[in-house]
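See structure below.
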Number of protein chains: 2
Amino acid sequence: MILIADDEERDRNWLKSLLKENFADNGPIEEAHDGQQAVDQALKLKPPLVFLDIKMPHLSGIKAAEQILNALPNTGIIMLSNFSDEVYVRQLWKVVPPNGVFGYVLKNASNEQVVEATRAVLSGDCWIHPGIARVIQRTQNRATNLTTAEYEALVCIALGMTDHAIAKRLYLTEKAVQSRLKSLYAKLGIPGRGESHDTEFNQRCRAVFLSTKRGLINQSELDDWETKLAQETKAGT
Amino acid sequence: MILIADDEERDRNWLKSLLKENFADNGPIEEAHDGQQAVDQALKLKPPLVFLDIKMPHLSGIKAAEQILNALPNTGIIMLSNFSDEVYVRQLWKVVPPNGVFGYVLKNASNEQVVEATRAVLSGDCWIHPGIARVIQRTQNRATNLTTAEYEALVCIALGMTDHAIAKRLYLTEKAVQSRLKSLYAKLGIPGRGESHDTEFNQRCRAVFLSTKRGLINQSELDDWETKLAQETKAGT
DNA sequence: TATCCCTCTGGGGTAAACCCGGAAGGCAAT
DNA sequence: ATTGCCTTCCGGGTTTACCCCAGAGGGATA
């Protein structure tokens, strides 16, 4: 029994036919169309292996994985993602138990790679797509890894908030916010006003650009944050 | 004879099998792996119909279409895209001849939609994916459509440039840059400092956020702009 | 021709974003 | 406990981005 959760029909079909060819003895293949269905199906059917697309309506693949692993820690999880976004690796690291079994494959992976990953997870190993190896490296590097404080500030400026608005929202001084931003700029390697005379940057926008480029943040995540923000400010007033 | 240009093997195979099933009498199906190959193949084979993925290495689908249409104006073009990004519609509108024959389908289209689009273009009609209908509407709406000047400014702030840097680059006054930005903010509907007391925004970052959300700009386009920028500044000094 | 819109220009002001140094707190090491 | 290190926070300054006003030239439309 293998469960596939993906909102795109084409990807589901592709994966299903691939699994049917190579893993016919692992029982039937079930499908889910969003994160919530994936959790429901997983808790009911208790499959040993679940494929989860990261970007799904209602409930992201990460959160679905969290809920599934809470109830059934021995479930093997293979995440599917379109991009090697650092946001996701970052979140996933917090969710997966230290010795959990999981795989991470990009959607542009070859068929062989997917089969390999599936085989690995089924036999209790992990399989990480080579494309995100350096991303994981970066999340563990002191000089470039962002702290939670810096990450919060990053999300806020990416949404277009002012220092004052960020301060009010996070219960900080404006100075504290600026301090966070300052260290954020430093870690992203953005030159200040004095240095690097040939290229002038608006650090705030530059930080957003570079972070998006490196996959520290991405649009769909930001959209989630924005709706969350709108709800809280509505409740707050 | 039908030519398919896409850098993703999976998408090529999907499209190829789909075409073979439904359009077997249209001759063989040729493939290209990037934009440059697509142009070369098209000029050599002169196929009546070409599928072009927008996001390809070396040469984007848009530019490939431009070159192909320059040499063979009667070629039918069907663009493939992952997202309903306004940038592309914007560019495509300039490239395609007024009465040119083309289609635009998103990659999450159903098989039926692709067949429909193919049939339409082969018989001399256009086929536009419903998902981007409103985008096209927006590109023709006075109040929300961005002018070239505003678009240039948008790209620059998205890259993280300061007013001064933008002015120097576009040979303008800082005042002119600010003027462009002001009208840009207005069209995006971003409130200024005085108005809307509950929500404060850094207009600059907010503009980038909203534009990305609405598909006016996207990361891969910005990356292209940045390399172009780096080259020109290198040549300029 | 008259009208509209876009764009650039100018002066002059306010508030926000950024720079400097310094100091309180947690954490690890020895 | 002391020393170091890092993160986070604070205060006093400078620069940049944004605001309001008004006006003029170019281009398209009618």
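Lettering follows sequence order; numbering is per chain, from 1.
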Would you mind reading off the distance between [X] atom [atom1] and [N] atom [atom2], rounded to a whole angstrom?
| X | N | atom1 | atom2 | result |
| --- | --- | --- | --- | --- |
| B:Lys182 | D:dA22 | NZ | C1' | 11 Å |
| B:Gln203 | D:dA17 | CD | C1' | 9 Å |
| B:Lys187 | C:dT7 | NZ | P | 7 Å |
| A:Leu170 | D:dC9 | CG | C1' | 14 Å |
| B:Leu181 | C:dT7 | CG | P | 12 Å |
| B:Ile166 | C:dC8 | CD1 | P | 12 Å |
| A:Leu184 | D:dT8 | CG | C1' | 14 Å |

Can you find a pair of side-chain heavy atoms, one from [X] and one from [Y], that are under 4.5 Å apart?
| X | Y | answer |
| --- | --- | --- |
| B:Asp53 | B:Asp11 | no |
| B:Asp223 | A:Phe209 | yes |
| A:Leu222 | B:Lys213 | no |
| A:Phe51 | A:Asp6 | no |
| A:Leu188 | A:Leu216 | yes |
| A:Ile166 | A:Leu172 | no |

NZ-CG distance between B:Lys46 and B:Leu3, expressed to the nearest 0.5 angstrom: 13.0 Å
Using a cut-off of 4.0 Å on non-hydrogen atoms, how would the nucleic acid contact of A:Ser179 be classed: base, sugar-phosphate, or nothing?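 If one applies the 4.0 Å heavy-atom cut-off, A:Ser179 turns out to touch a base.
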Close N/O contacts between protein and nucleotides 14-17 of chain C (under 3.5 Å):
from, atom 1, to, atom 2, distance (Å)
C:dA17, OP1, A:Asp163, N, 3.4
C:dA17, OP2, A:Asp163, N, 2.9

Within less than 4.0 Å of OP1 or OP2 of D:dC9, is there a side-chain N or O belonging to A:Arg180?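 It does, given that an N or O in the side chain of A:Arg180 lies less than 4.0 Å from OP1 or OP2 of D:dC9.
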Taking OP1 and OP2 of C:dC6, is either one under 4.0 Å from a side-chain nitrogen or oxygen of B:Ser183? no
Under 3.5 Å, is there any donor-acceptor pair linking the side chain of B:Lys175 to the base of C:dG12? yes
